Participant: 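If you scroll down you'll find the structure; I have some questions about it.
It should be emphasised that the depicted structure is a prediction, and the values quoted were computed from it without experimental measurement. All values below were derived from every heavy atom in this structure, side-chain atoms included, with hydrogens, water molecules and symmetry-related copies excluded.
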Amino acid sequence: MRTLAICLVVLTTTAHAQDDAKPRLMPLFSNVERGPAFMLECRNTFAVPIPATELLLHLTYRVDGVDRHETGGMAGSFLGGEPILEPGQTWKIMLGFRQGAYGTMSPDFGAILRSPRTLPLTAGRHTVAIRCADIWSDDVEFYWESVTVPDSGSGRSAASR
């Protein structure tokens with residue numbers, strides 16, 4: 001009985017550690033991105049420190065079941081030098097699927113980097129998953145509405161009325 005209890009504790013601890021390593025992908029509502037945006041929370045699962053931009057060079061995402069590996073743009077505040085991510089350290093990256101060539105490059109909400117990608121989407125249901133540090137996040141389902149609402153000329157956008 002004692003052996004069974006020890007095995008159960010080891011299995012539970014191992015499963016919890018694997019879940020902690022899995023990247024978390026959360027929807028991010030942003031007027032800046034003008035398209036679907038997500039906050040990626042990722043852990044450095046490697047045994048060595050890595051530069052933050054190295055992570056983006058190997059970032060892969062899957063939209064509607066199709067893998068994409070595009071470096072896109074990236075930005076971060078490197079005034080004190082590029083962030084080095086220690087083993088086990090968790091960080092956030094803002095990822096936006098812009099529908100045109102606009103937006104800002106400044107990260108926010110505690111993210112170390114912002115990585116905008118231009119990815120035109122059709123209206124409807126989509127899924128996205130991100131592979132970070134060689135581990136895939138769960139699929140996140142989202143809906144995109146591609147209709148443009150005309151401004152009535154009042155100086156306010158349709159979204160602010």
Participant: Evaluate the side-chain proximity of W91 to C42: yes if any heavy-atom separation is below 4.5 Å, no if none is.
Facilitator: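 In short, these two side chains touch, coming nearer than 4.5 Å.
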Participant: Does Q99 use its side chain to pair, donor to acceptor, with the backbone of L119 at less than 3.5 Å?
Facilitator: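 Flag set: sc Q99 to bb L119 pair under 3.5 Å.
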Participant: Pair R117, L95 - check side-chain contact (heavy atoms from CB on, under 4.5 Å), show working.
Facilitator: CA-CA 7 Å; R117 317 291 173 113; L95 180 69; 3.6 Å; yes
Participant: Before giving the answer on side-chain contact (heavy atoms from CB on, under 4.5 Å), spell out for T60 and R62 the whole-Å C-alpha distance, their side-chain angles and the decisive distance to 0.1 Å.
Facilitator: CA-CA 7 Å; T60 302; R62 180 176 25 222; over 6 Å; no
Participant: Apply the test side-chain contact (heavy atoms from CB on, under 4.5 Å) to residues L40 and Y61: give CA-CA distance (whole Å), side-chain angles for both, the deciding distance (0.1 Å), then the verdict.
Facilitator: CA-CA 11 Å; L40 173 65; Y61 58 100; over 6 Å; no
Participant: Consider only side-chain heavy atoms of I, L, V, M, F, W and Y, link residues closer than 4.5 Å, and tell whether W136 and F142 are in one cluster.
Facilitator: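 No; tracing contacts between hydrophobic side chains, which count when under 4.5 Å, never links both residues.
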Participant: Taking all atoms of both residues into account, what is the closest heavy-atom pair of D138 and K22, and its distance?
Facilitator: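 Shortest heavy-atom contact: OD1-NZ, 2.7 Å.
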Participant: Which distance, rounded to the nearest 0.5 Å, do you find between the CZ of F46 and the CG of D134?
Facilitator: 4.0 Å
Participant: Hey, are the side chains of P51 and P83 touching, using non-hydrogen atoms and a 4.5 Å cut-off?
Facilitator: no
Participant: Quick one: pull up NE2 in H126 and OH in Y143 and give me the separation to the nearest 0.5 Å.
Facilitator: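 Result: 10.0 Å between the selected atoms.
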Participant: Show your working on side-chain contact (heavy atoms from CB on, under 4.5 Å) between V63 and F97 and close with a plain yes or no.
Facilitator: CA-CA 10 Å; V63 177; F97 296 134; 4.1 Å; yes
Participant: Can you find a pair of side-chain heavy atoms, one from E86 and one from I84, that are under 4.5 Å apart?
Facilitator: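 A side-chain contact exists here, since the closest heavy-atom pair is under 4.5 Å.
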Participant: If only atom types and distance count, is the side chain of S137 paired as donor or acceptor with the main-chain N or O of I130 below 3.5 Å?
Facilitator: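 Yes.
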Participant: How close do P23 and I135 get, heavy atom to heavy atom, and via which atoms?
Facilitator: CG-O, 3.2 Å
Participant: Just by distance, no angles: are the side chains of R43 and T90 close enough, under 3.5 Å, to form a donor-acceptor pair?
Facilitator: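 The criterion, which ignores hydrogens and geometry beyond distance, is satisfied for T90 and R43.
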Participant: May I ask you to check whether over 12 heavy atoms, not counting those of R24, lie within 6.0 Å of atom CZ?
Facilitator: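 No.
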Participant: V140 and L25: which non-hydrogen atoms are nearest, and at how many Å?
Facilitator: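 Nearest pair, atom of V140 first, then L25: CG2-O, 3.4 Å.
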Participant: Restricting to non-hydrogen atoms, name the atom on L121 and the atom on P36 that form the minimum distance, rounded to 0.1 Å.
Facilitator: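 Taking L121 first and P36 second, the nearest heavy atoms are CD1-CG, 3.5 Å.
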Participant: Taking T127's backbone N and O only, do any of them form a donor-acceptor pair with D64's side chain (distance below 3.5 Å, no angle check)?
Facilitator: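 Confirmed, D64 side chain pairs with T127 backbone.
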